Amino acid sequence: MRRSPYPLVNLLLHVLNTSLMFCAILVLAWGVSLLMGWLHALHPFPAETYRFLAVAKQWLVYFDVGFAAAALLVGATRFIKETWEAQ
């Protein structure tokens with residue numbers, strides 16, 4: 001990410017980048033869900049396999065939320081630190 005001398009610009013760029021990554025991973029999880037549903041409609045999975053895929057999809061969403069939250073917290077912390085240093 002390109003650094004700007006203005007902390008607010010850095011924060012806005014960080015939020016934009018984080019939201020783009022969040023959306024990309026969420027679209028991946030949605031795509032996996034759509035593909036899994038389509039394949040299951042064509043040829044039903046065994047119950048154990050279907051349950052495993054459902055749990056894997058759920059953990060992908062959990063990872064996405066955790067990743068986005070951590071990235072936003074790091075950006076907010078850096079923004080506060082840069083703002084205090086600028087005073």
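For clarity, every value in this text was computed on a predicted model and none was experimentally measured.
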- Does T49 have any side chain to side chain donor-acceptor pair (under 3.5 Å) partners at least two apart in sequence or in another chain, and if so, which? none
- Ignoring hydrogens and angles, tell me if any N or O in the side chain of H14 forms a donor-acceptor pair with the backbone of A71 under 3.5 Å. yes
- Query: Taking a hydrophobic cluster as the set of Ile, Leu, Val, Met, Phe, Trp and Tyr residues connected by side-chain heavy atoms closer than 4.5 Å, whether directly or through intermediates, do V27 and L20 fall within one such cluster?
  - Reply: no
- Message: According to side-chain contact (heavy atoms from CB on, under 4.5 Å), who are the partners of S19, at least two apart in sequence or on a separate chain?
- Response: L16
- Task: Only counting residues at least two apart or in another chain, list the ones meeting side-chain contact (heavy atoms from CB on, under 4.5 Å) with V15.
- Result: L11, L72
- Item | Heavy-atom closest pair, residues V61 and A29 | CG2-CB, 3.8 Å
- Query: Quick one: hydrophobic cluster around L53, which other residues, with the 4.5 Å side-chain cut-off, linked directly or via members?
  - Reply: L35, M36, W38, L39, L42, F45, Y50, F52
- Smallest heavy-atom separation, F67 atom then I25 atom, equals CD2-CD1, 4.2 Å
- side-chain contact (heavy atoms from CB on, under 4.5 Å) partners of Y62, counting only residues at least two apart: Q58, W59
